**Student:** 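Below: one structure in structure tokens.
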Amino acid sequence: MAEINNFIKTIMEKDLKDGKVNQIVTRFPPEPNAYLHIGHARAIINDFELAKCFNGKTNLRFDDTNPVNEGEEYVNAIIEDLKWLGYTPDLICFGSDYFEKTYEKAILLIKKGLAYVDDLSQDDMTKYRGTLTEPGINSPFRNRTIEENLNLFERMRNGEFKDGEKTLRAKIDMSSPNINMRDPVMYRILHVSHHRTKDKWCIYPMYDFAHPLQDAFEGVTHSLCSIEYDNHRPLYDWFVEKCEMEHVPHQYEWGRLNITNTIMSKRYLRQLVEGNYVIGYDDPRMPTLVGLKRKGFTPEAIKEFILYTGLSRINSTTDAENLDYFLREDLKLKAIRPNAIINPLKVVIDNYPENQIEWLDASNNMENEQLGTRKIAFGKYLYIEQDDFMEEKINKKWKRLSLGLEVRLMHAYFIKANSVEKDENGNVTLVHCTYDPKTKSGSGFDERKPNGTIHFVEATTSLKATFNLFNPLIFDETEETKGQSFIERLNKNSWEIKHGYVESSLADCKEGTHYQFVRNGYFCVDKDSKKSNLIFNRTCGLKSSFNPNTNN
RNA sequence: UGGGAUAUAGCCAAGCGGUAAGGCACCAGAUUUUGAUUCUGGCAUUCACUGGUUCGAUCCCAGUUAUCCCAGCCA
């Protein structure tokens, strides 16, 4: 695996060397209200790998301070995703585990005159907050006595007020140019049942107040988050200091990772699922970890991708090509390489006996002998790929079958095309060939070189199969699609289905097994596959394709 | 428009005062029973721009420009 190396690691090394910390402790803090996607994978992998570098620890802490939309379903899914990526947290905990301790710290701030109960309505609070260019105005409730605040806050907890009636706010500076410092809300009233604490609480702490305290309670040394929290760091530090936390955690930010042609926002992903535009969160076109897994991605490929892509404070958009590369790289030696024909063209070997099938030895992966060999069938009737035949060789680069030319059928014989049959539209429906028995694979025959090597499947023994070809769910922003909603821009051809044939050795293939089909890329057996109707999901394409019409 | 962050090739990304790492993509050639893989070579005289300091600047300073984030009782 690639060695992790980024600016956060440099910071950690220095902190350790300077004796600022004795052990690195990080945390991955998802809110349990969505499925994890490739963007989260970046946080997970960096959190865990950085700690691992220094024999540190990493906690999985569910940030469940807003019971609306949060739930058990997501908690379990996130734990499963982490397991799939190969990470075991040193501690699994919840923000709600600290509700009591967090409440006590709020009391402390009230007693220090640094927090107050506010009666302002939501609309008024917005007005009092000011704008980006104008300072805010102090709330008329800002100078309540400590006793009054203590009393009111306790009554908030006891459920004496309705949602939105009161809030607890930190008393900082309404004229701060950093809007986060303009008396941020610490607690709001929500008469909502929490998935873990049920109805015990009706006031819930806000992220800005809860998060730094949780980090401090757990002894987190390096609290890593994305760059949009940069503006929150002064507040983070303010709460840690004013709450007199024994342990002082520090927040560091990195840029978000986007991938070309990929929708990553929680809101959009939810819209896709709820609007039935995709099968579910594990639809192979989704950038969720479960989706990538079902499409055929391996955790190793995702890790390598993240580590090689690096980390900086810039929000970046990486070409999806990079993701594909690391999957190809991982699968190269793992995948079995059987024959599959996606767009079949019939071939008949005129000089081969009727009703005879020959079973030939074929290597599963010539670069990895450990994957063994299998038997493939050869007979009078074959299927080849339509793209592999052209009546006339139109240019020097053409390395496939044409009339009068000879090609090697992989793992089998040389065949020569002699004539074709066509339908009423002039399309080739059958190619008449002859084979040369002397050219059998492995015989060492080298008297003449074929025009190329193509793959095939024997017609009578092959199995029918369905191939799922996935394209990006959305188009790039173009002139025509500009201004359209995201749903309107959905790629109508994001899922193409092809029906073809695979060799008989795939009769007992298992879900999740990877195959590389020659010139068609890598495929993974989908969970819906049954022997009678094999289903393969394309995981990624090969590196380059050849278009006979555009090459000279 | 106030504050903050960022700017290195088509895309990521090292570099932290001594003369531009690496990966993807791309191009050329060799090998090849996959037009894949593998191998070999090529790919920033310049670091958003303009000045300044310095023997010397991607790096320090000043100004300019561009992009992103912040006005939830979301996280």
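The structure presented is a predicted model; accordingly, all values stated were derived computationally and were not measured. Below, chains carry the letters A, B, ... as their sequence lines are ordered, and counting in each starts from 1.
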**Student:** Does a nitrogen or oxygen in the side chain of A/Y207 sit under 4.0 Å from OP1 or OP2 of B/C74?
**Tutor:**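 Answer is no, no contact under 4.0 Å.
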
**Student:** Suppose we define a pair by two distances each less than 3.5 Å, Watson-Crick or G-U wobble; what does B/A30 pair with here?
**Tutor:**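 Pairing partner: B/U38.
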
**Student:** Using the C1' atom on both, measure B/C55 against B/G29 and round to a whole Å.
**Tutor:**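 To the nearest whole Å, 45 Å.
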
**Student:** Classify the nucleic acid contact of A/T318 as base, sugar-phosphate or nothing, counting any heavy atom under 4.0 Å across all strands shown.
**Tutor:**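 The residue A/T318 makes sugar-phosphate contact but no base contact.
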
**Student:** Counting the atoms with a prime plus P, OP1 and OP2 as sugar-phosphate, which does A/S176 contact under 4.0 Å by heavy atoms, base, sugar-phosphate, or nothing?
**Tutor:**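 Nothing, no nucleic acid heavy atom in range.
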
**Student:** Can you confirm whether A/E13 is buried at CD, in the sense that more than 12 heavy atoms of other residues, nucleotides or ligands lie under 6.0 Å from that atom?
**Tutor:**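 Yes - once you tally the heavy atoms of other residues, nucleotides and ligands closer than 6.0 Å, there are more than 12.
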
**Student:** Taking the P atom of each, how far is B/U19 from B/G56, in whole Å?
**Tutor:**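 After rounding to an integer number of Å, I get 16 Å for this pair.
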
**Student:** Please report, rounded to the nearest Å, how far the P atom of B/A13 is from the CG atom of A/N6.
**Tutor:**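 About 11 Å, once rounded to whole Å.
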
**Student:** Students often get this wrong, so: under 4.0 angstrom with heavy atoms, is A/E31 touching a base, only sugar-phosphate, or nothing?
**Tutor:**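 If one applies the 4.0 Å heavy-atom cut-off, A/E31 turns out to touch the sugar-phosphate alone, with no base involved.
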
**Student:** Provide, to the nearest angstrom, the distance between the OH atom belonging to A/Y515 and the P atom belonging to B/U34.
**Tutor:**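 Whole-Å distance recorded here is 21 Å.
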
**Student:** Any idea if B/G51 is syn or anti, going by the 90°-from-0 cut?
**Tutor:**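 Anti conformation here, the glycosidic angle of B/G51 being more than 90° from 0.
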
**Student:** How far, in whole Å, is B/G23 from B/G41 if one measures between their P atoms?
**Tutor:**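 Pairwise P distance, B/G41 against B/G23, rounds to 12 Å.
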
**Student:** Taking for each residue the nucleotide of RNA chain B bearing the nearest heavy atom, is the 5' side occupied by A/R233 or by A/S312?
**Tutor:**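 Counting from the 5' end, the first nearest nucleotide belongs to A/R233.
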
**Student:** Considering only the C1' atoms, how many Å lie between B/C60 and B/C26, rounded to the nearest integer?
**Tutor:**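 B/C60 and B/C26 have their C1' atoms separated by 37 Å.
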
**Student:** Let me spell it out: for each of A/L542 and A/D230, pick the nucleotide of RNA chain B with the closest heavy atom. Which residue's pick is nearer the 5' end?
**Tutor:**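 With A/L542 and A/D230 compared, the 5'-side residue is A/D230.
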
**Student:** So which nucleotide does B/A7 pair with, by the Watson-Crick or G-U wobble rule with both distances under 3.5 Å?
**Tutor:**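 The answer is B/U65, by the H-bond criterion.
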
**Student:** Between protein and nucleotides 57-60 of chain B, what N or O pairs are separated by less than 3.5 Å?
**Tutor:**
none

**Student:** Ignoring backbone atoms, establish whether A/R313 has a side-chain N or O less than 4.0 Å from OP1 or OP2 of B/U6.
**Tutor:**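 It does, given that an N or O in the side chain of A/R313 lies less than 4.0 Å from OP1 or OP2 of B/U6.
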
**Student:** Counting only side-chain heavy atoms from C-beta out, which of B/A71, B/U38, B/U34 sits nearest to A/R519?
**Tutor:**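 Minimum distance to the A/R519 side chain belongs to B/U34.
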
**Student:** Scan A/R328 against the nucleic acid and name what it touches under 4.0 Å (heavy atoms): base, sugar-phosphate only, or nothing.
**Tutor:**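 The residue A/R328 makes sugar-phosphate contact but no base contact.
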
**Student:** Could you give the distance separating B/G15 and B/A21 at their P atoms, to the nearest angstrom?
**Tutor:**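 Their P atoms lie roughly 14 Å apart.
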
**Student:** Can you check whether any acceptor in the base of B/G3 is under 3.5 Å from a donor in the side chain of A/N231, or vice versa?
**Tutor:**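 Side chain to base: pair found, below 3.5 Å.
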
**Student:** With respect to the phosphate group of B/G72, does any side-chain polar atom (N or O) of A/R182 fall under 4.0 Å of OP1 or OP2?
**Tutor:**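 Negative; the distance criterion is not met.
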
**Student:** Using purine N1 to pyrimidine N3 plus N6-O4 or O6-N4 for Watson-Crick, or N1-O2 and O6-N3 for G-U wobble, both under 3.5 Å, which nucleotide pairs with B/G2?
**Tutor:**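 B/G2 is paired with B/C70.
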
**Student:** Starting at CG of A/L235, measure out to CD1 of A/I172 and round the result to the nearest 0.5 Å.
**Tutor:**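 Interatomic distance, A/L235 CG to A/I172 CD1, rounded to 0.5 Å: 5.0 Å.
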
**Student:** Need one value for A/R408: base, sugar-phosphate or nothing, where a base atom within 4.0 Å counts as base even if backbone is also close, heavy atoms only.
**Tutor:**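 The answer is base, as A/R408 lies within the cut-off (heavy atoms under 4.0 Å) of a base atom.
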
**Student:** Examine A/K166 relative to A/F161 and say whether NZ or CZ is less than 6.0 Å from the centre of the six-membered ring and inside a 45° cone about the ring axis.
**Tutor:**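 Yes, A/K166 sits over the ring of A/F161.
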
**Student:** How would you label the contact of A/E228 with the nucleic acid (heavy atoms, under 4.0 Å): base, sugar-phosphate, or nothing?
**Tutor:**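 Touches sugar-phosphate only.
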
**Student:** Please give me the minimum heavy-atom distance between A/T65 and A/R188, naming the atom from each residue.
**Tutor:**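 In terms of heavy atoms, the two residues are closest at O-NH1, 3.5 Å.
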
**Student:** Calculate the interatomic distance between A/M390 atom CE and B/G35 atom P; express it in whole Å.
**Tutor:**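 My rounded result for the distance is 14 Å.
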
**Student:** Using the P atom as the reference point in each nucleotide, state the distance between B/U67 and B/U1 in Å, no decimals.
**Tutor:**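 Nearest-Å result for B/U67 against B/U1 at atom P: 11 Å.
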
**Student:** I'd like to know if the side chain of A/Y35 and the backbone of A/L269 have a donor-acceptor N/O pair within less than 3.5 Å.
**Tutor:**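 Looks like no, no N/O pair under 3.5 Å.
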
**Student:** Under the 3.5 Å rule, do the base of B/A13 and the side chain of A/Y308 count as making a donor-acceptor pair?
**Tutor:**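 By the distance-only test, no, there is no pair.
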
**Student:** Under 4.0 angstrom, heavy atoms only, what part of the nucleic acid is A/S121 near: base, sugar-phosphate, or nothing?
**Tutor:**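 Answer is base: heavy atoms of A/S121 come under 4.0 Å of a base.
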
**Student:** What interatomic distance, in whole Å, is found between P of B/C16 and the corresponding atom of B/G10?
**Tutor:**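 Comparing P positions in B/G10 and B/C16 gives a spacing of 24 Å.
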
**Student:** Does A/T453 contact B/U34 through a side-chain donor or acceptor facing the base, at a distance under 3.5 Å?
**Tutor:**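 No.
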
**Student:** Is a side-chain donor-acceptor pair under 3.5 Å present for A/D173 with A/S175?
**Tutor:**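 The criterion, which ignores hydrogens and geometry beyond distance, is satisfied for A/D173 and A/S175.
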
**Student:** Contact class for A/Q516 vs. all strands (heavy atom < 4.0 Å): base, sugar-phosphate, or nothing?
**Tutor:**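 Here A/Q516 touches the bases of the nucleic acid.
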
**Student:** Using the ring of each side chain (for Trp, its six-membered ring), is A/F467 parallel, tilted or perpendicular to A/F517, with breaks at 30° and 60°?
**Tutor:**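 Rings of A/F467 and A/F517: perpendicular, over 60°.
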
**Student:** Under 4.0 Å between a side-chain N/O of A/S316 and OP1 or OP2 of B/C11, yes or no?
**Tutor:**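 So the side chain of A/S316 is outside the cut-off, no N or O lying under 4.0 Å from OP1 or OP2 of B/C11.
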
**Student:** Could you tell me how far apart A/E70 (CD) and B/C74 (P) are, to the nearest whole angstrom?
**Tutor:**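 Distance, rounded to whole Å: 11 Å.
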
**Student:** Evaluate A/H195 against A/E73 for side chain to side chain contact (heavy atoms under 4.5 Å, CB included), listing each step before the verdict.
**Tutor:** CA-CA 10 Å; A/H195 74 107; A/E73 175 198 359; over 6 Å; no

**Student:** So A/T65, base contact, sugar-phosphate only, or nothing? Heavy-atom distance under 4.0 Å.
**Tutor:**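 Sugar-phosphate only.
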
**Student:** What nucleotide among B/G72, B/A7, B/A5 has an atom nearest to a side-chain atom of A/I314?
**Tutor:**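 That would be B/A7.
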
**Student:** Considering residues, nucleotides and ligands other than A/F445, do more than 12 of their heavy atoms fall under 6.0 Å from its CZ?
**Tutor:**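 Buried by this count: over 12 neighbours within 6.0 Å.
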
**Student:** Please pick, from B/G23, B/C26, B/G2, the nucleotide with the shortest atom-to-atom distance to any side-chain atom of A/K543.
**Tutor:**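 Nearest to the side chain of A/K543 among the choices is B/C26.
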
**Student:** Testing A/N368, A/N365, A/L371, A/V518 one by one against A/R337 for a side chain to side chain contact (heavy atoms under 4.5 Å, CB included), which residue passes?
**Tutor:**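 Output: one option passes, namely A/N365.
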
**Student:** Between B/U53 and B/G4, how far is it from one P atom to the other, in whole Å?
**Tutor:**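 The same atom, P, in both gives a distance of 28 Å.
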
**Student:** Distance check needed: B/U32 C1' versus A/K399 NZ, whole Å only.
**Tutor:**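 Answer to the nearest Å: 8 Å.
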
**Student:** Mind checking if A/N322 touches a base, just sugar-phosphate, or nothing, with heavy atoms under 4.0 Å?
**Tutor:**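 Since a base atom lies under 4.0 Å of A/N322, the category is base.
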
**Student:** Within the structure shown, what part of the strands sits under 4.0 Å from A/G452 by heavy-atom distance: base, sugar-phosphate, or nothing?
**Tutor:**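 It contacts nothing in the nucleic acid.
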
**Student:** Can you tell me if A/K332 touches the phosphate of B/U38, counting only side-chain N or O atoms and a distance under 4.0 Å to OP1 or OP2?
**Tutor:**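 Indeed, a polar side-chain atom of A/K332 lies that close.
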
**Student:** Hey, is the side chain of A/R129 poking within less than 4.0 Å of OP1 or OP2 on B/C73, counting only N and O atoms?
**Tutor:**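 Answer yes for this pair, as a side-chain N or O of A/R129 is under 4.0 Å from OP1 or OP2.
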
**Student:** Looking at the base of B/G72, is there any donor atom on it, or on the side chain of A/R188, that sits under 3.5 Å from an acceptor on the other one?
**Tutor:**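 For A/R188, whose side chain was compared with the base of B/G72, there is no donor-acceptor pair (under 3.5 Å).
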
**Student:** Taking CZ in A/R157 as the centre, count heavy atoms belonging to other residues, nucleotides or ligands within less than 6.0 Å. Is the count above 12?
**Tutor:**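 Yes.
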
**Student:** Between B/C16 atom C1' and A/K14 atom NZ, what is the distance in whole Å?
**Tutor:**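 Distance, rounded to whole Å: 13 Å.
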
